[in-house]
Number of protein chains: 2
Amino acid sequence: MSLLNMPFKALSDPTRRKIIQMLKERDMTAGEIAEQFDMTKPSISHHLNILKHAELVIDERKGQNIYYSLNTTVFQELINWFFNITDKRGGSKSEEDRI
Amino acid sequence: MSLLNMPFKALSDPTRRKIIQMLKERDMTAGEIAEQFDMTKPSISHHLNILKHAELVIDERKGQNIYYSLNTTVFQELINWFFNITDKRGGSKSEEDRI
DNA sequence: TAGAGATTTAGATAATTGTTTAAATATCTA
DNA sequence: TAGATATTTAAACAATTATCTAAATCTCTA
């Protein structure tokens, strides 16, 4: 199973994609994130946990709050997956290989 | 709800991502695709239908066979979504806007 | 150290999704 | 036009996922 399976599953939910969009603008606490949704805090916490396991976000406690922020490295891998699909020629993994 | 919701959902399944990878190499019939999986033909047909509704693939009947091929336009939109996330500054939609 | 605030964990339930078998549709060819 | 091949549609079932309420954990401060 692909290493990218968890990120792809994580991004298949619109609530989680909206969280990603919000974190692109600024780091936010779990509570601030939850405020933006018509959903309970435990539900949002569950979505944050899925994003965390997919390594799309990082969490860091600061006092009573837990701040969430984007982890862009996996996004880069996802972009590479898409590039590999849209490039006509198949299979090349390195830039040099592209002639 | 995002226009990209169906493509994101479609790509969340590993069977469907594998189909996409196969179609990147060459157009294939439903039967040829099904051969590559340890799964019944109706299951594969169902996955192909989801990819079709997400506009990630196109189908075209040729005699008894139905050929599937990639439709790259939606992939381009997905790449744009990811670019927008990884770009530091928020919200820009056009290239000129990028300074 | 008790109480309050922020967040997560647990457990239950509802909704969605993936899979199967059986039947239907479409096309080709003898 | 009957039979064979390719594929999809339908209906049922199983598995996964999203949501909720209630309870637990962690941290700060009076």
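So you know, we letter chains A, B, ... as the sequences are listed, proteins then strands, and number each from 1.
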Student: Can you tell me how far apart CZ (B:Arg17) and CE (B:Met22) are? Round to the nearest 0.5 Å.
Tutor: 14.5 Å

Student: Classify the nucleic acid contact of A:Asn49 as base, sugar-phosphate or nothing, counting any heavy atom under 4.0 Å across all strands shown.
Tutor: nothing

Student: Check each of A:Phe83, A:Phe82, A:Trp81 against B:Phe82 using the ring-ring contact (aromatic ring centres under 6.0 Å, His included) test, and report the only one that passes.
Tutor: A:Phe82

Student: Could you check whether A:Tyr68 gets within reach of a base, just the sugar-phosphate, or nothing at all, counting any heavy atom under 4.0 Å?
Tutor: sugar-phosphate

Student: Rounded to the nearest angstrom, tell me the gap between atom CD1 in B:Ile44 and atom P in D:dT9.
Tutor: 15 Å

Student: Roughly, in whole Å, what's the span from CD1 in A:Ile50 to P in C:dT9?
Tutor: 12 Å

Student: Look at the side chain of B:Arg16 and the backbone N and O of B:Lys9, then say whether any donor-acceptor pair between them is shorter than 3.5 Å.
Tutor: yes

Student: Nearest 0.5 Å please: distance from the CD1 atom of B:Ile44 over to the OG1 atom of B:Thr15.
Tutor: 6.0 Å

Student: Can you measure A:Asn5 atom CG to D:dT17 atom P for me and round it to whole angstrom units?
Tutor: 9 Å

Student: Can you tell me if the side-chain N/O atoms of A:Ser45 get under 4.0 Å from OP1 or OP2 in C:dT8?
Tutor: yes

Student: Taking only side-chain nitrogens and oxygens of A:Asn65, does any of them come within less than 4.0 Å of OP1 or OP2 of C:dT7?
Tutor: yes

Student: Can you see if the side chain of B:Ser43 gets near the phosphate of C:dG18 - specifically, an N or O under 4.0 Å from OP1 or OP2?
Tutor: no

Student: May I have the distance from A:Ile19 (atom CD1) to D:dA18 (atom C1'), rounded to whole angstrom?
Tutor: 13 Å

Student: Out of C:dT8, C:dT17, D:dA4, which has the shortest distance to the side chain of B:Gln64?
Tutor: D:dA4

Student: By the 4.0 Å heavy-atom rule, please label B:Thr29 as base, sugar-phosphate, or nothing.
Tutor: sugar-phosphate

Student: Is there a donor in the side chain of B:Asn71 and an acceptor in the side chain of B:Lys52, or the other way round, less than 3.5 Å apart?
Tutor: no

Student: Among D:dA18, D:dC20, C:dG18, which nucleotide sits nearest the side chain of B:His47?
Tutor: C:dG18

Student: Counting only side-chain N and O atoms of A:Arg61, is one of them less than 4.0 Å from OP1 or OP2 of C:dT8?
Tutor: no

Student: Could you tell me whether A:His46 contacts a base, only the sugar-phosphate backbone, or nothing, with contacts defined as non-hydrogen atoms closer than 4.0 Å?
Tutor: base

Student: Between C:dT7, D:dT8, D:dT17, spot the one nearest the side chain of A:Ala30, thanks.
Tutor: C:dT7

Student: For the side chain of A:Thr40, counting heavy atoms from C-beta on, which of D:dA18, D:dC20, D:dT8 is nearest?
Tutor: D:dC20

Student: Please tell me which of the listed nucleotides, C:dC28, D:dT27, C:dT20, lies nearest to the side chain of B:Met39?
Tutor: C:dT20

